[in-house]
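Accompanying notes for the structure given below.
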There are 4 protein chains.
Amino acid sequence: MINRVILVGRLTKNPELRYTPNGVAVTSFTIAVDRPFSNQQGEREADFIPVVVWRRQAENAANYLAKGSLTGVDGRIQTRNYENNEGRRVYVTEVVADSVQFLEPKGSRRAAAGDNYGASMPAGPTSGSTPNYGPTDSQQNAASRDQNPPSFNDPFAHDSKPIDISDDDLPF
Amino acid sequence: MINRVILVGRLTKNPELRYTPNGVAVTSFTIAVDRPFSNQQGEREADFIPVVVWRRQAENAANYLAKGSLTGVDGRIQTRNYENNEGRRVYVTEVVADSVQFLEPKGSRRAAAGDNYGASMPAGPTSGSTPNYGPTDSQQNAASRDQNPPSFNDPFAHDSKPIDISDDDLPF
Amino acid sequence: MINRVILVGRLTKNPELRYTPNGVAVTSFTIAVDRPFSNQQGEREADFIPVVVWRRQAENAANYLAKGSLTGVDGRIQTRNYENNEGRRVYVTEVVADSVQFLEPKGSRRAAAGDNYGASMPAGPTSGSTPNYGPTDSQQNAASRDQNPPSFNDPFAHDSKPIDISDDDLPF
Amino acid sequence: MINRVILVGRLTKNPELRYTPNGVAVTSFTIAVDRPFSNQQGEREADFIPVVVWRRQAENAANYLAKGSLTGVDGRIQTRNYENNEGRRVYVTEVVADSVQFLEPKGSRRAAAGDNYGASMPAGPTSGSTPNYGPTDSQQNAASRDQNPPSFNDPFAHDSKPIDISDDDLPF
DNA sequence: TTTT
DNA sequence: TTTT
């Protein structure tokens, strides 16, 4: 049994950091990967692949990545399903990252791209059952710390409704 | 831009071979890959990953694989979307295989039953515009010959309406 | 920075389990992977890839794998170099496995292949600085326990001289 | 049988473009990939992985990559051996690239210096039997234009004797 | 609902 | 020095 995915592409939007009811951090984003060939109309297309990252790596990803960031992901494909509010079963296929790589050379993009970072302060992991949508402290300072971005590791949860993020989705 | 997926797991059902309106063969199946860890309830889970294979590989996969076959896939993640008959946009994430490996050692399962290999090939690309929706002979026999079939609950027993398969989906 | 390798092939020989001076288990083997194409002489060739596995996974690999075993490896490429006894610098490129998968279906091969397993008893991890060449207790019983082989994880060290295996080679 | 490698790292030197006696282009370089952990002395290490690329990709790699270029490689591990001029059998493990990705964002390093892209292409396959051993114009300039060249100690500054490159080594 |  |  082997399940391994490696992606290099660009984020379609800023990553979203949330917390499960138990306070576990999870970041999700979509990575656009251009296809190496053109379609029958001669156009270049891309695949838009949902990625989730858990725990410490979630917070790193939220700090160091932004819309357009060239990013590497090493992880696995996960499928899950849930019943939505219309009683319909929704099937989700996403990549759970073991490791996320910030491939943008130092001093580029993110340092300049710091648009809407630094909105409301987060309740944080200790806040219990209320999902957290704001940036963390460290996000606020991210632009200035952007010098030598680290690599980080781990995985799970997508489809942006907070109710979708459960501690049951924790990979381990 | 890198998009690479490697999977080893077992088919949840017999593969389905179809043809696009232009007569291009495409086989789809779901591969179940056990997760290497247990969930919070201590249960072993699996991911059920939809895979498609095109052209000659499609016909090979349809001939050599069956429900339960241990199978390797090397490919890429593809996302696409289409409007379903209810006018709703459906988003699909699946693996497009570059290569499919039949990992069942000889003398086992399907290989032991390897009587009709190469027999009754479907009318194929030359048959023009009529897609082939029924199971092939060998598929039908495969199910009954299956010695120790793992029982998987295939979550992708949806979205396999023939209308989904278009020549526009051809990878190249 | 991404370094990921996935292999499925067959062991060319039984795996070799050793211990570093500090008693850390390390297993090495070579995996033969057939190339998917023929050479200019129309012959099928293979690549013979050295793999190392560390710690608990080393002992599992030694127990469950044997010459000819169909095996999956998920790991990374590692390069290192050392000076051999002729004062020559030797460059080694090998795969360090994070995870090793026994793909042989239960009850096959190994159960029958138990040829020279169960030779002299090993001094074991506690024996300190003397590398251990014999099979472990658990290896002796391997043939009888072979029912549902597990998967296992981790990595490092090749080129069979015991002096090559140092605690400095530990990946973490 | 699966043999898949994905690497993202930086070239230790400019790539070397050569031609087989039959005029087939082959480029080789070493890619340095930092390890995601520190060794027992708390130092960060890297793996130095030899890569070869054939045909059109070879010429692209030679044109677009230079020492220090952040580069993605998707390929397979190849092992081969040959007898060196001392009559000794030399074993080589290297990555044969199916695809090489130039990951340096535009406006940086080599891309900024992208003056002579497509200029002075080597005589190439049509030149017949004369291998090209010297650096290309663009390679020579690349070294001097290199803004912040990482300094890597390339352990594969050996075994690049032209005699190693034979038409028998062609992957297909 | 998509990136450069 | 190689596996099926």
Side-chain angles (χ1 to χ4, degrees), chain A residues 7-16 28-36 43-51 65-73 103-105 108-110 113 158-161, chain B residues 1-3 78-81 83 88-91 93 101-108 111, chain C residues 7-16 28-36 44-51 65-73 103-105 108-110 112-113 158-161, chain D residues 1-3 78-81 83 88-91 93 101-108 111:
Chain A
L7 305 170
V8 174
R10 293 187 182 278
L11 295 216
T12 60
K13 302 169 133 183
N14 285 337
E16 286 186 47
S28 50
F29 55 83
T30 295
I31 187 167
V33 185
D34 296 328
R35 294 186 187 160
E43 306 150 345
R44 222 59 185 307
E45 291 178 295
D47 295 292
F48 299 96
I49 301 164
V51 178
L65 299 176
K67 179 180 177 175
S69 295
L70 187 67
T71 305
V73 169
L103 299 174
E104 219 67 61
S108 84
R109 188 177 310 271
R110 189 48 203 288
H158 190 76
D159 211 3
S160 303
K161 299 297 175 18
Chain B
M1 298 298 169
I2 294 176
N3 180 345
Q78 172 163 82
T79 58
R80 60 189 171 89
N81 59 79
E83 199 160 295
R88 206 187 263 274
R89 191 135 292 267
V90 180
Y91 292 87
T93 301
Q101 292 292 322
F102 184 37
L103 298 174
E104 219 67 62
K106 47 195 169 187
S108 85
Chain C
L7 304 171
V8 174
R10 294 188 181 277
L11 296 218
T12 60
K13 301 169 134 183
N14 286 335
E16 288 187 45
S28 51
F29 54 83
T30 295
I31 187 167
V33 185
D34 295 329
R35 295 185 186 160
R44 223 59 185 307
E45 291 177 294
D47 295 293
F48 298 96
I49 302 164
V51 177
L65 300 175
K67 178 177 178 178
S69 295
L70 186 67
T71 304
V73 169
L103 299 173
E104 218 66 63
S108 84
R109 188 177 308 273
R110 192 44 206 288
H158 190 76
D159 212 3
S160 304
K161 298 298 175 17
Chain D
M1 297 297 170
I2 294 177
N3 180 344
Q78 172 163 81
T79 57
R80 59 189 172 91
N81 60 78
E83 198 159 296
R88 206 188 265 273
R89 189 136 292 266
V90 180
Y91 291 87
T93 300
Q101 293 291 321
F102 183 39
L103 298 174
E104 219 67 61
K106 48 194 167 189
S108 85

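Source: prediction; values computed, not measured.
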For atom [atom1] of [X] and atom [atom2] of [N], their distance in whole Å:
X	N	atom1	atom2	answer
B/L103	F/dT3	CG	P	20 Å
C/R44	F/dT2	CZ	P	19 Å
A/R35	E/dT3	CZ	P	15 Å
C/F29	F/dT3	CZ	P	16 Å
A/L11	E/dT3	CG	C1'	8 Å
A/I49	E/dT3	CD1	C1'	12 Å
C/L70	F/dT4	CG	P	11 Å
A/R10	E/dT1	CZ	P	23 Å

Of the nucleotides [options], which has the atom closest to the [X] side chain?
X	options	result
B/Y91	E/dT1, F/dT2, E/dT3	E/dT1
C/D34	F/dT1, E/dT4, F/dT4	F/dT4
A/F48	F/dT2, E/dT2, E/dT1	E/dT2
C/T12	F/dT3, E/dT4, E/dT2	F/dT3
D/M1	E/dT3, F/dT2, F/dT3	F/dT3
B/R89	E/dT3, F/dT3, E/dT1	E/dT1

TODO: Go through the structure and list residues passing salt bridge (Lys or Arg N to Asp or Glu O under 4.0 Å) with C/R44, not counting sequence neighbours.
DONE: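 If we apply the salt bridge (Lys or Arg N to Asp or Glu O under 4.0 Å) test to C/R44, skipping adjacent residues, there are no hits.
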Task: Backbone N/O of A/K67 and side chain of A/N14: donor-acceptor pair under 3.5 Å - done: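 Yes, the answer is positive, given that a donor and an acceptor are paired below the 3.5 Å cut-off.
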TODO: Taking B/T79 for its side chain and A/F48 for its backbone only, find out whether a donor-acceptor pair lies under 3.5 Å.
DONE: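 Checking the backbone N and O of A/F48 against the side chain of B/T79, a donor-acceptor pair under 3.5 Å is found.
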Task: Gap separating the CD atom of D/E104 from the CG atom of A/L70, nearest 0.5 angstrom - done: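 That separation rounds to 9.5 Å.
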Open item on the list: According to side-chain contact (heavy atoms from CB on, under 4.5 Å), who are the partners of A/E43, at least two apart in sequence or on a separate chain?
Closed with: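 If we apply the side-chain contact (heavy atoms from CB on, under 4.5 Å) test to A/E43, skipping adjacent residues, the hits are A/N39, A/Q41.
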